[in-house]
Amino acid sequence: MSDSATEAPESTSAPRRDFIRELVADDVATGRFGRAPATRFPPEPNGFLHMGHAKSICLNFGIAQEFGGSCNLRFDDTNPATEDVKYVEAIQRDVQWLGFQWDNLFYASDYFEKLYEIAESLVLKGKAYVDSQNEEEIRAGRGTVTSAGTPGPYRDRTVEENLDLLRRMRAGEFADGTHVLRAKIDLAHVNMIMRDPLLIRIRHAHHYRRGNDWCIYPLYDFAHGLSDAIEGITRSLCTLEFKDSREIYDWLVQEAGFEHPPTQIEFARLELDYTILSKRKLLRLVNEGHVTGWDDPRMPTIAGLRRRGVRPDAIREFCETIGVARKDARVEIAAFEHAVRNDLNMEVPRVLCVLNPLKVVLTNYPEDLVEDLDAPSFPHDVPKTGSRRMPFSRELYVDRDDFMEDPPKKFYRLAPGKEVRLRFGYLITCNEVVKNDAGEVIELRCTYDPATRSGQAPDGRKVQGTIHWVSAAQALSCEVRVYDRLFSQPDPDAVPEGQDFISTLNPQSLVVIPDAKIEPSVANDPIGSRYQFERTGYFMSEVESSTPEKLVFNRIVGMRDSWAKEVKRG
RNA sequence: UGCCCCUUAGCUCAAUUGGCAGAGCGUCUGACUCUGACUCAGAAGGUUCUAGGUUCGAUUCCUAGAGGGGCAACCA
């Protein structure tokens, strides 16, 4: 009587929302902003996008989609020294590849005029002034976290003088660093950011979009919130380290007179085990040649993951599962790998490839016979169909890992006197081990059971192990690049004094196998095709490196491997 | 030693806003299997950072403390 399952409160799959989505839902319910939810993804074009950005992209574009709002892509290009069109192009490509389309494409550098007008209006209201102290003097005047700052000698310049100076700054009359525009707030404010923050600095530099039109450039705090406001953003999502900036954000949009201005919400930036998500550090890896470029398949960049073979669906799925919160978070790489496998498992065809070939001769198989075995491309639980033919002959290759001369108890692969099943083929038994002078195993001599072509033994005997193989004569030679985590410890930055994250680079992050053997059925597939190499992992033929003569495969991710765990345990 | 933020299972997050602490991933066990994969079933895993307080009742509210993080760039 107690098990009246029908009565259970059908836990309506209530959309579990994070705190940001709660706020946005509330915005919609109350009409707080008087407009549909509007977000933006605002990268500075000074590097390639990485997984951390993917989290932000999924959040910003996701919210726009879910609430019928809009999301802009805005380049926060206010620093001429670091930015470049090549990054602008890469970022657009990566966002689209991830599956998102912006409602508007904007550049903060297009707001320079508008921002300058706001600057003049602040001066006119006595809310901003031109400071002519040098960098050190300004820093000293700001005080410390435990002591108040002190007003500098230029703080009380007249509006006329400030306006004149600001206009001459813009006109290019002054050298870099001689003057700066500051908001006039409070040098003793408990929030350091509010101690007369710098708004505009002089930089006689070439900007990749504005050329030499401008010699004054707005700083982040001045440009960011106002750019949001200009675009009619409702919620400005950023990472936790900007928490203290919220106060100046609010101050500026208010002083600039925006109605229903946007509001900043901070969330935790993503940190991933065994890798680094910092554009500055990734740039170092590129510049110092530790990787081949921003799109090196070991890089946590979108471009690197794409080249590795990861599909955008997996990245989006991953971003959804990690959620968003206000607490610093280091996510296990296993969670990402799970998302990648989960995505690929249902999508890609199976194929057999022997990474470390060991020759097997079937001594009782006819010399010249080549059979054509039928092999389904998907397992029973993947709702896809298709199959290919696999040649089978007297000489085969199997993987060295699948043979042990003196195996432990639970090793159910090939060993002297033991029988295994060849995937899609026959049962074979190892009779003889051939070694070279150095004592290395170079060939196995086996017999096959002709009655087991179905994979079943007519007498009903059970065979524990099934291994993959290829026919030696027909197999294609290929290169396989086995990628592993870039760093050898979970937190690459956790190093002894005097060292840095470079010292924790994993020397085994790339292992090249120059001569692997793959079944011939893949010969005519388009380069860039993804596969599961059965029992080995997921792979993609790489467009950048493959040639018609020799395919090059990247390992996207290995299979979950409980045997490896068993071995590790001893 | 100022201000602000954070602390719930190994990890990431929940807990209908004060009412029996849950999910996914990971781990382990078993079932299934021509992939040691997938799938399925189950288990272990918690002093909700600590100490007080308010309350019939606190993960939730208050106070103090501890630990972690952010802020003193003419970077973003």
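Remember, it's a predicted structure, so these values are computed and weren't measured experimentally. So you know, we letter chains A, B, ... as the sequences are listed, proteins then strands, and number each from 1.
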Item to check | Integer angstrom distance from the P of G2(B) to that of A23(B) | outcome: 43 Å
Item to check | Nucleotide opposite A66(B) in a Watson-Crick or G-U pair, distances under 3.5 Å | outcome: U7(B)
Item to check | Under-4.0 Å side-chain N/O to phosphate OP1/OP2 contact, Ser562(A) with A37(B) | outcome: yes
Item to check | Partner nucleotide of C20(B) by Watson-Crick or wobble geometry (both distances under 3.5 Å) | outcome: none
Checklist outcome for this item: Between CZ of Phe318(A) and P of U12(B) the distance, given in whole Å, is 11 Å
Checklist entry - CD of Glu320(A): more than 12 outside heavy atoms within 6.0 angstrom? => result no
Checklist entry - With respect to Asp131(A), which candidate in His179(A), Lys184(A), Arg182(A) satisfies the side chain to side chain contact (heavy atoms under 4.5 Å, CB included) definition? => result Arg182(A)
Item to check | Atom P, compared across C3(B) and U8(B): separation rounded to whole Å | outcome: 24 Å
Next on the checklist: Glu241(A): which residues meet the side-chain hydrogen bond (donor to acceptor under 3.5 Å, both in side chains) condition with it, sequence neighbours left out?
Outcome noted: Thr239(A), Arg269(A)
Next on the checklist: As a test of reading the structure: which of U1(B), G26(B), U12(B) is closest to the side chain of Arg560(A), going by heavy atoms?
Outcome noted: G26(B)
Checklist entry - From G36(B), C6(B), U35(B), pick the nucleotide closest to the side chain of Met559(A)? => result U35(B)
Checklist entry - Do Arg330(A) side-chain and U12(B) base share a donor-acceptor contact under 3.5 Å? => result no
Next on the checklist: Applying the Watson-Crick and G-U wobble criteria at under 3.5 Å, what pairs with A73(B)? Answer none if nothing qualifies.
Outcome noted: none
Item to check | Options G36(B), A37(B), G26(B), nucleotide nearest the side-chain atoms of Asp381(A) | outcome: A37(B)
Checklist entry - Should the pair Arg326(A) and Phe19(A) be classed as cation-pi, given the thresholds of under 6.0 Å to the six-membered ring centre and 45° from the axis? => result yes
Checklist entry - Atom NE2 of His380(A) and atom C1' of U35(B): how far apart are they, to the nearest Å? => result 10 Å
Checklist entry - Phe19(A) has an atom CZ; how far is it from atom P of A14(B), in whole Å? => result 9 Å
Checklist entry - A76(B) and G65(B): how far apart are their P atoms, nearest whole angstrom? => result 38 Å
Checklist entry - Lys243(A) has a side chain; which of C4(B), U35(B), U1(B) sits nearest to it? => result C4(B)
Next on the checklist: Of the options U12(B), A37(B), U39(B), whose atoms approach the side-chain atoms of Ile322(A) most closely?
Outcome noted: U12(B)
Checklist entry - Do Glu371(A) and Tyr426(A) get their side chains close enough for a donor-acceptor pair, meaning under 3.5 Å? => result yes
Next on the checklist: Output one letter per nucleotide in nucleotides 71-76 of chain B: B when a protein non-hydrogen atom lies under 4.0 Å from the base, S when only the sugar-phosphate is that close, - when neither is.
Outcome noted: BBSBSB
Next on the checklist: Rounded to whole Å, please give me the gap between CZ in Phe539(A) and C1' in U35(B).
Outcome noted: 13 Å
Checklist entry - So what does Arg341(A) hit on the nucleic acid, given a heavy-atom distance under 4.0 Å: a base, only sugar-phosphate, or nothing? => result nothing
Checklist entry - Of all heavy-atom pairs between Arg388(A) and Val351(A), which one has the smallest distance, and what is that distance? => result NH2-CA, 3.5 Å
Checklist entry - How long is the line joining CG of Leu422(A) and P of U35(B), in whole Å? => result 13 Å
Checklist entry - Can you tell which of Thr466(A), Leu414(A), Leu427(A), Thr429(A) makes a side chain to side chain contact (heavy atoms under 4.5 Å, CB included) with Val420(A)? => result Leu414(A)
Item to check | Tyr208(A) and its side chain to side chain donor-acceptor pair (under 3.5 Å) partner, picked from Asp84(A), Thr82(A), Asp77(A) | outcome: Asp77(A)
Checklist entry - Considering all heavy atoms of both residues, which atom of Arg155(A) and which atom of Leu187(A) are nearest to each other, and what is their separation? => result NE-CD2, 3.1 Å
Checklist entry - Side-chain donor or acceptor of Gln532(A) under 3.5 Å from a matching atom on the base of U35(B)? => result yes
Checklist entry - Which one is paired to U1(B), where only Watson-Crick or G-U wobble pairs with both distances under 3.5 angstrom count? => result none
Next on the checklist: Can you give me the closest heavy-atom contact between Ser387(A) and Ser377(A), atom names plus distance?
Outcome noted: CA-OG, 3.6 Å
Checklist entry - What distance, rounded to whole Å, do you find between the two C1' atoms, one in A14(B) and one in G22(B)? => result 7 Å
Checklist entry - Nearest-Å distance, CZ (Phe336(A)) to C1' (G26(B))? => result 17 Å
Checklist entry - How would you label the contact of Arg421(A) with the nucleic acid (heavy atoms, under 4.0 Å): base, sugar-phosphate, or nothing? => result base
Next on the checklist: Between C49(B) and C11(B), how far apart are the two P atoms, rounded to whole Å?
Outcome noted: 13 Å
Checklist entry - Between G67(B) and A15(B), how far is it from one P atom to the other, in whole Å? => result 29 Å
Checklist entry - Do Glu332(A) side-chain and G10(B) base share a donor-acceptor contact under 3.5 Å? => result yes
For nucleotides 64-69 of chain B, print each protein N/O atom paired with a nucleotide N/O atom at under 3.5 Å, atom names and distance only.
unit_1 : atom_1 : unit_2    : atom_2 : d
G69(B) : O2'    : Asp328(A) : OD2    : 3.3

Checklist entry - Roughly how far apart, to the nearest Å, are C25(B) and C62(B) at atom C1'? => result 36 Å
Checklist entry - Using purine N1 to pyrimidine N3 plus N6-O4 or O6-N4 for Watson-Crick, or N1-O2 and O6-N3 for G-U wobble, each under 3.5 Å, what pairs with U39(B)? => result A31(B)
Item to check | Validation row, ring centre Tyr274(A) to ring centre Phe487(A) under 6.0 Å | outcome: no
Next on the checklist: Expressed as a whole number of angstroms, how long is the span from Phe267(A):CZ to C6(B):P?
Outcome noted: 16 Å
Item to check | Side-chain N,O (Lys327(A)) to OP1/OP2 (C5(B)) below 4.0 Å | outcome: no
Checklist entry - Donor-acceptor pair under 3.5 Å: do we get one between Arg413(A)'s side chain and the base of G36(B)? => result yes
Checklist outcome for this item: The answer to which of Arg453(A) and Ala335(A) contacts RNA chain B further toward the 5' end, by nearest nucleotide, is Ala335(A)
Item to check | Donor-acceptor contact present, side-chain Arg157(A) to main-chain Leu165(A), <3.5 Å | outcome: no
Next on the checklist: Let's test this: given Watson-Crick or G-U wobble pairing with both distances under 3.5 Å, identify the partner of U54(B).
Outcome noted: none
Checklist entry - Just checking Phe411(A): base, sugar-phosphate only, or nothing, at a heavy-atom cut-off of under 4.0 Å? => result base
Checklist entry - With both distances kept under 3.5 Å, what pairs with U59(B), Watson-Crick or G-U wobble? => result none
Checklist entry - Within 45° of the axis and under 6.0 Å from the centre of the six-membered ring of Tyr107(A), does NZ or CZ of Arg209(A) qualify? => result yes
Item to check | Spacing of Arg326(A) atom CZ relative to U12(B) atom P, expressed in whole Å | outcome: 17 Å
Next on the checklist: Tell me which nucleotide, if any, is Watson-Crick or G-U wobble paired with A44(B) when both distances must be under 3.5 Å.
Outcome noted: none
Checklist entry - Which value, in whole Å, describes the distance between the P atoms of nucleotides C28(B) and G18(B)? => result 40 Å
Checklist entry - Where does U17(B) land, syn or anti, once you apply the within-90°-of-0 test for syn? => result syn
